[in-house]
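See below for the structure under consideration.
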There are 2 protein chains.
Amino acid sequence: MTARSKPKVDDVAKLAGVSTATVSRCLNTPDRVSEETRKKVEVAVEELGYTPNFGGRYLASNSSKTMGAIIPTMENAIFARGIQAFQEVLANSGITLLISTSGYDPEREFEHIQTLISQGAEGLLLIGAARPKKTYEFLERRNIPHVIAWNHRWDRKHIYVGFDNYFAMQELTNTVLRMGHRHIAIIAGPTTYNDRIEDRISGAQAAIEKIDETSLIVKFCPTNYSAIQAGQAFEELMELDHHRPSVIMCSNDVLAVGAIMQAKAMNMNVPDDISITGFDDIEIAEIVAPALTTVHVPHRRMGQAAAQLLLNIRAGKLDQKSIKLGTNVVLRNSLRHKT
Amino acid sequence: MTARSKPKVDDVAKLAGVSTATVSRCLNTPDRVSEETRKKVEVAVEELGYTPNFGGRYLASNSSKTMGAIIPTMENAIFARGIQAFQEVLANSGITLLISTSGYDPEREFEHIQTLISQGAEGLLLIGAARPKKTYEFLERRNIPHVIAWNHRWDRKHIYVGFDNYFAMQELTNTVLRMGHRHIAIIAGPTTYNDRIEDRISGAQAAIEKIDETSLIVKFCPTNYSAIQAGQAFEELMELDHHRPSVIMCSNDVLAVGAIMQAKAMNMNVPDDISITGFDDIEIAEIVAPALTTVHVPHRRMGQAAAQLLLNIRAGKLDQKSIKLGTNVVLRNSLRHKT
DNA sequence: TTATTAAATGTAAGCGGTTACATTTAATTG
DNA sequence: CAATTAAATGTAACCGCTTACATTTAATAA
C-alpha cells in the first residue's frame with residue numbers, strides 16, 4: 001500500500017499478522033474469532049484507518065446493506081419528515097439509505113431506480129402508485145422488493161404503506177360542506193403520474209355529488225410545489241363571477257400557503273372573505289396566518305413502517321402486508337362557516 | 001442465469017453473441033464499438049433488463065460515480081434547497097448522490113463519512129467546519145476530496161463554499177442597532193460543533209461592542225430546529241425586567257418563527273411590542289406573519305458551486321479555491337424602529 | 001496484388017472483499 | 001495417554017465487471 005492510497009484487507013492482515021479471512025471475520029462475525037486476535041486486528045484497522053471497500057464486499061457477500069428511496073423533490077417539506085424517519089429506522093439496522101429525486105418525472109424515476117439497483121439497493125421506497133408499465137415490469141422482472149408510500153390501495157400486487165387520499169379528501173370536503181360552503185374550487189398540481197392528487201380530487205368530487213346545488217371547479221397549477229403558481233391560480237379563480245367559490249381547497253399545504261399569501265396581497269381576508277384548506281399538515285400549516293385547516297398525515301409513522309417492512313422482507317419474511325394509516329382533518333382558522 | 005436472478009454481462013454477451021468486453025465497451029465507450037454490434041447488445045440489454053452491478057463495476061474501474069453529503073437534518077428546509085441544487089448539478093454529470101443525516105452529532109457524522117467512503121463516494125459535502133480532529137485526520141489520511149459548505153474561512157487547509165456567518169450577523173445586528181434597539185437578545189441553538197451558530201453570535205457581539213449602552217443576552221435552546229423550544233426561550237426572555245430586550249435575534253428562521261408564534265400566543269404584537277429577526281431566508285420567512293426580517297443565504301448557488309467544485313477535483317483539477325458567497329439582509333415586517 | 005495500418009473484437013488477469021473447505025491448535029473424554 | 005471433538009485460523013476460489021493486451025478483420029497504400 002503506497003502512502004495515501006486506500007488500505008486493503010491484505011494491509012490489515014499483514015500488519016496484524018493474520019490472514020485476510022481472519023480480518024474479514026473480525027469485521028463481520030467477531031464472535032468466531034478469539035479475543036486476542038480480534039484485538040490485534042482492531043488495532044491494525046485503527047492504525048491504518050481501514051474502511052472495507054464496498055465494491056468488493058458487495059461482490060463477495062452479495063449484500064449491500066443499502067436501501068433506496070426516490071422521492072419527487074426535497075425542496076419542500078412534504079416528504080422530508082417521512083424520509084427522515086425512514087432513514088432513522090434503517091440506520092438502526094446498519095442499513096444505508098440512498099436518496100434520489102425524480103422531480104415528479106416518471107422517466108427520471110425509472111432511471112434512478114436502475115441506478116439505485118446497480119448501486120446495490122436491496123429494496124426501494126417509492127412514492128405513489130402511478131408510473132409507467134415498464135417501471136413495474138422492471139421491478140417485477142428483477143424481483144425487487146419495494147414499498148409504495150403516500151398512498152394506499154387494496155390490490156395485492158404491491159405493498160403499500162400509506163393512507164387513503166380519496167377518503168381523506170372526502171372527509172375534508174364533507175367538513176367544508178357541513179360549514180355551509182356550496183361553491184368550491186380546488187387548486188391542484190398536475191395529475192399526470194400523480195395518483196395522490198388524482199385521488200384527492202376524486203374524493204372531493206365524491207363528497208360534493210351527494211349534496212345538491214353544489215359546484216366544483218378544479219384549477220391546475222403547472223407544478224406541485226410552487227406557492228407562487230398557486231397564488232396565480234387563486235387570482236384567476238377570484239375573477240369568476242358565476243358560482244364564485246367561497247372556499248379554495250388546495251391539494252397540498254404549500255399551494256394553500258401560496259393561496260393565502262395571494263389573498264392577503266389582494267387585500268382579502270382569510271377566512272372572512274374566503275376560506276382555504278390544505279393537505280399534509282406540514283410545519284408551515286401551523287405557522288402561516290391564519291393557521292391552515294388541513295389533513296394531518298402521519299409522516300413519521302409512515303416512514304418508520306415502510307422501513308420496518310423492507311427490513312422484514314430483507315430478513316426473509318416475504319409475506320409482508322400493506323399498512324393503511326389513518327389521517328384526520330385538523331381544523332384551524334383558515335376555514336370557517338359560510339356566512 | 002436462473003429466472004428472476006440478476007442478469008450479468010455474460011448473459012448479455014451470450015444473448016448478443018459477443019464477448020463480455022464488447023458488452024462493457026457498448027456501455028462505457030460506445031464509440032469504440034461498431035454500430036451493428038452496439039444495436040445487438042442494446043437489444044440484449046433491453047431484453048434482459050440488465051443493469052450493471054455496481055460492485056463489480058466499482059471494483060474493476062475504481063470509479064463509483066458517486067458523491068456523498070452529510071447534512072445535520074432533513075427535517076427543516078435549511079439544507080434542503082442547497083442539497084437539491086447540489087444533487088441536480090451532480091446528476092447532470094451522471095453522478096449519484098448519497099445523502100446521510102447526522103442529527104448534529106459529530107460522532108454520527110464520522111460514522112457516516114466512513115460508510116459513504118466505503119460505498120465509494122469520490123468526494124464529500126460537509127456542513128460547517130467544526131468537527132473532531134479524528135474526523136479531519138481520517139479525511140486527510142485517506143486523501144478524500146471534501147467541500148465545507150454553509151460557512152467560509154480563509155484558511156487553506158480546506159475548501160469552503162459558503163458565506164461569512166460572522167459578517168452576515170454583524171450586518172444584521174448593525175441594522176437592528178440603526179433602528180434604535182439597544183437591548184438585544186439572541187435565541188440560538190447549541191454551539192457545540194456548530195461553528196455557524198458560534199460565528200453568528202460573535203458577529204452580533206462584535207456589532208454591539210462598538211455601541212455604548214447596549215446589552216446582549218444569549219439564550220440557548222437544546223436543539224437547532226425546534227420552533228417550540230424557541231417559543232419557550234422567548235417566554236423566558238420576556239420575563240426579564242432588567243434590560244428587557246426590544247428585539248429577539250434568532251440564529252435561524254425556524255427558531256424565529258417559533259418566537260413569533262409564541263409572541264402571538266402571549267398576545268404580543270410583532271413588531272409593535274417586540275421585533276424578531278431570523279437567519280437563512282427559507283420559504284417560511286416570507287410566509288409567516290409578520291414576514292421575517294432575516295439574512296438571505298444563496299442556498300442554491302452554494303449547492304451548485306459545491307457540486308461543480310467536487311466535479312472539478314474529480315476531473316483532476318486539484319487546485320480548487322474556496323468560494324465565498326455574499327449574503328444580504330432582507331428587511332421585512334418583523335423588525336421595526338424602536339419607538 | 002501484397003504490405004501496412006486502423007478498427008473491432010476477444011482473452012484473461014485482476015479489482016478487494018467473503019466464505020467453503022482444509023488445516024492446525026486446544027479442549028474434552030474414555 | 002491416545003482418541004475424539006470443537007474452536008481458531010489459513011488457503012484459495014469466486015463474486016461481476018473493466019481493460020491491457022492479443023488477435024482478427026477491414027480499409028488503405030504501395
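B:F110 has its ring centre less than 6.0 Å from the ring centre of B:F138.
Of the charged side-chain nitrogens involved, none lies within less than 4.0 Å of a carboxylate oxygen, so that B:R141 and A:E47 do not count as a salt-bridged pair. With respect to B:E111 and B:R108, no salt bridge is recorded, no charged nitrogen being found less than 4.0 Å from a carboxylate O. Between B:E88 and B:R300 there is a salt bridge, since at least one side-chain N of the basic residue sits less than 4.0 Å from a carboxylate O of the acidic one.
Phosphate proximity of D:dG16 to B:T20: absent, as no side-chain N or O sits under 4.0 Å from OP1 or OP2. Checking the phosphate oxygens (OP1, OP2) of C:dG10, a side-chain nitrogen or oxygen of B:S19 falls inside 4.0 Å. Taking side-chain N and O atoms only, B:S24 has a distance below 4.0 Å to OP1 or OP2 of D:dT18. Applying the 4.0 Å criterion to OP1 and OP2 of D:dC15, one finds that B:N53 has every side-chain N and O outside that range. Taking 4.0 angstrom as the limit, B:S34 places none of its side-chain polar atoms (N or O) nearer than this to OP1 or OP2 of C:dA7. Checking the phosphate oxygens (OP1, OP2) of C:dT9, a side-chain nitrogen or oxygen of B:T37 falls inside 4.0 Å. Considering only side-chain N and O atoms, B:T22 lies under 4.0 angstrom from the phosphate OP1 or OP2 of C:dG10.
When distances run from any side-chain atom of A:A21 to the nucleotides C:dA12, D:dT11, D:dC17, the shortest one goes to D:dT11.
Remark: C1' of C:dG16 and CD1 of B:I117 are 16 Å apart, rounded to the nearest angstrom. Remark: C1' of C:dT18 and OH of A:Y58 are 15 Å apart, rounded to the nearest angstrom. The separation between B:R25 atom CZ and D:dC17 atom P is 15 Å, rounded to whole Å. Note: CD (B:E35) to C1' (C:dA8) measures 14 Å, nearest angstrom. The CZ atom of B:F54 sits 13 Å away from the C1' atom of C:dC15 (whole-angstrom rounding). Rounded to whole angstrom, the span from the CG atom of B:N28 across to the C1' atom of D:dC17 amounts to 9 Å. Between the OH atom of B:Y50 and the C1' atom of D:dC17 there is a distance of 7 Å, rounded to whole Å. Atom CG in A:N62 sits about 7 Å away from atom P in D:dG16, given to the nearest Å.
If B:P52 and A:R38 are placed on DNA chain D by their nearest nucleotide, the residue sitting closer to the 5' end is A:R38. The 5' end of DNA chain C is approached more closely, in terms of each residue's nearest nucleotide, by B:V18 than by the other of B:V18 and B:A60.
Nucleic acid contact class of A:V23 (heavy atoms, under 4.0 Å, all strands): none.
A:D105 and A:Y193 share no donor-acceptor pair across their side chains, judged by distance under 3.5 Å alone.
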